[in-house]
K.L.:
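Sharing a structure below in structure tokens format, with a few things to ask.
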Amino acid sequence: MFYPIGTVKAVASKKKKSAQGAPAAARIAELRDLIAHHNQAYFGHDAPEISDADYDDLVRELAGLEADNPDLFSGESPTQTVGVAVVTTFAPVTHAMPMTSLDNAMDEDELRAWGERVAKGLDGASARYVCELKIDGLAISIRYENGELVQAATRGDGRVGEDVTGNIATIAAVPKKLIVKKGEVPAVLEVRGEVYMPIAAFEKLRAAKESENAERVAAGRKPEPVPANPRNAGAGSLRQKNPAVTAQRELSFWAYQVGDTRGVPQFDSHKDTLDYLASLGFPVNPAIVCVDAFAEVIEFCHRWRDSRDTLGYEIDGAVVKVDSLSQRELLGFTSRAPRWAIAFKFPPEERTTLLRDIQISVGRTGRVTPFAVLEPVFVGGSTVGMATLHNRAQVAAKDVRPGDTVVVRKAGDVIPEVVGPMLAKRPKNCKPWTFPDTCPCPLSTELVQVEGEADTRCIEPSCPYQRDQRIIYFASRGGMDIEGLGERTVFALSDAGFVDDAGDIYSLTEEQLLQIEGFGKISAQKLLAGIDASRHRPLPKLLTALGIKHLGPAASESLSFAFGTLDAIACASVDDLASIDGVGGVIAASIHSWFDKPANKRLVDKLRDAGVDFGNVERTTLPQVLVGKAVVVTGTLEGFSRDEAEAAIKQRGGKSPGSVSAKTFAVVVGAEPGASKLTKAEALGVPVLDETGFRTLLETGELPA
Ligand code: IVH
């Protein structure tokens, strides 16, 4: 996926412009106070009130104003300092060498500008760069004396941190004793790196906290804050007074820098120090690469921006460092950060915004889903105005209320979700939200919560909201793919009384369409042509379009290949249906009961009468060599169209998803392949095949030798 580069910058400069109206000095003072407040909340109390990205915007706005107004410079400004003085009861630790922060590049232009500053600082001499992932965790300094871990400290304000030795010692990835294979045991070695919580550990912790909260709420008690992301969860875990609690949290560690040393080998380059750390037993991230051309630096940054979700931990950017230690010395430091390194920040996946309202929507199967109506916010590469709240239990566990400031998360292509409220920002009169008892449709039927199910449902068969959603689904891209028949048109046709089910679509007339607002002769004829074309969709599309509960596109494909026609599927017994790979008892029972219902029988008859194709799939007799294997096709193949290649995989029992993941068996690459699929395959070590390899795979089910 590609993010619109420069969007964050646009936000920052928009704010800057609005500030220019007001006196710059007043805005600078206001920003310094605001940032100091958020520093205290974040570093001092592990209780941030805004997302990192919103915080970064404030710092960038301040830095911009300070650059434009050098007379208002102050060494005390948060742009010149790191973090805050520690306020907890952990013992203070003065760092042997300050733990500085990094300057940020928010887009490719800023990254190139840094590269040019480096070249200038080195009088045009070429530099080699080490490209690393920017781990979204907590910076830690760990000190070893004579090979033994003696102290670990947080960064704090960069000068003084907190002593968290006991807690760090519980982390399995952190060596307690160095492995020295050759040479001397170093008298002093301070290793710096990032402690982080893997995503799986975070999800486990969050699920446990949410279920504790559900019990609390059920017992009439107040829910406790749930960590919003792995970084906050990691910070909280590290600040535990009892190391036994930290030990349960499954924290991990990547080493990326050396601090104070005595009695260690003399190194010329950063890469050599990393290799040395790895030889002593420290985990050094395997994605780290050393490159000579700046184009490769940019490629690294973009590659990881697009495949960050393939890692089992969170990263919020890439860090690029000059490799040569003597060149680093030449470049030196600013008051806040080294000139020899830069953090390339990825677009934020989390933002804070106002929760305006909570509403419910009714799906095609009657499932009722609560969703958040948000003050629109740019997150994860797009503007988000609505986000799912999943179900009743989740709203209760998160205790989000209209009026709250909430954390919104959108990672990759997933549906945006509300992570939780910022309790510190909750307005006083903010009331808990209660789930409605009745369907929002005009029939106002009572909603039911099925015993043992998380979902709340509207079970009224004639619910007009469900009916509209079924028609929308029927016409959608995954179903009959009827161009021009989107949500709005379906609502209008349904309000006008022209459609009662999806079968009625095929008897719509131009005259009727002209009565719908927004339709003219041309658009009406276009829609009718789109409807007409959909009569000849392949059987798996038609079967999916019917919207049978639990039946998705993959099982529809398998059933179509196995039975050949819709009528054969409609007549099949539950056992026959369940015997097909990828179908199983639940789907089979759902299909069987769907075809048994009178309303659905009427729909099937209408579709037949309308001339919709009920079976154009050859029953397959091919050996099922690809059962359980996912094969992704990208680019143009000579002997197969894309549809033919995918059908060939599916006819052999395999799956052909649209994107690469760790579970992908192989990626078949033709001419002009999609860059992100190839990159992802390489990053995940998924085998890549050409057309000849693909033919072998189809024949044998195995990768070519
Ligand atoms: S190097 C003087 N390398 O990012 C250089 N930092 O925004 C010190 N971070 O405080 C840092 N991954 O907590 C470095 N590969 C990496 C990193 C990394 C994450 C964090 C670190 C630092 C912050 C700066």
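Both ligands and their constituent atoms are indexed starting at 1 by order of listing.
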K.L.:
Can you tell me which residues line ligand 1 if we count any heavy atom under 4.0 angstrom from one of its atoms, in chain and number order?
P.N.:
T100, S101, L102, E132, L133, K134, I135, A139, R155, E194, Y256, V319, K321, P338, W340
K.L.:
Charged N to carboxylate O below 4.0 Å: is that the case for E314 and R409?
P.N.:
yes
K.L.:
Kindly write out the residues that satisfy ring pair (Phe, Tyr, Trp, His ring centres under 6.0 Å) with Y144, not counting sequence neighbours, or none if the list is empty.
P.N.:
F282
K.L.:
Is E116 salt-bridged to R112, going by a charged N under 4.0 Å from an acidic O?
P.N.:
no
K.L.:
Considering only NZ, NE, NH1 and NH2 on the basic side and carboxylate oxygens on the acidic side, decide whether K134 and E132 come within less than 4.0 Å.
P.N.:
no
K.L.:
Between E190 and T261, is there a side-chain donor-acceptor contact under 3.5 Å, judged purely by atom types and distance?
P.N.:
no
K.L.:
Any salt bridge between K425 and D404, counting N to O under 4.0 Å?
P.N.:
no
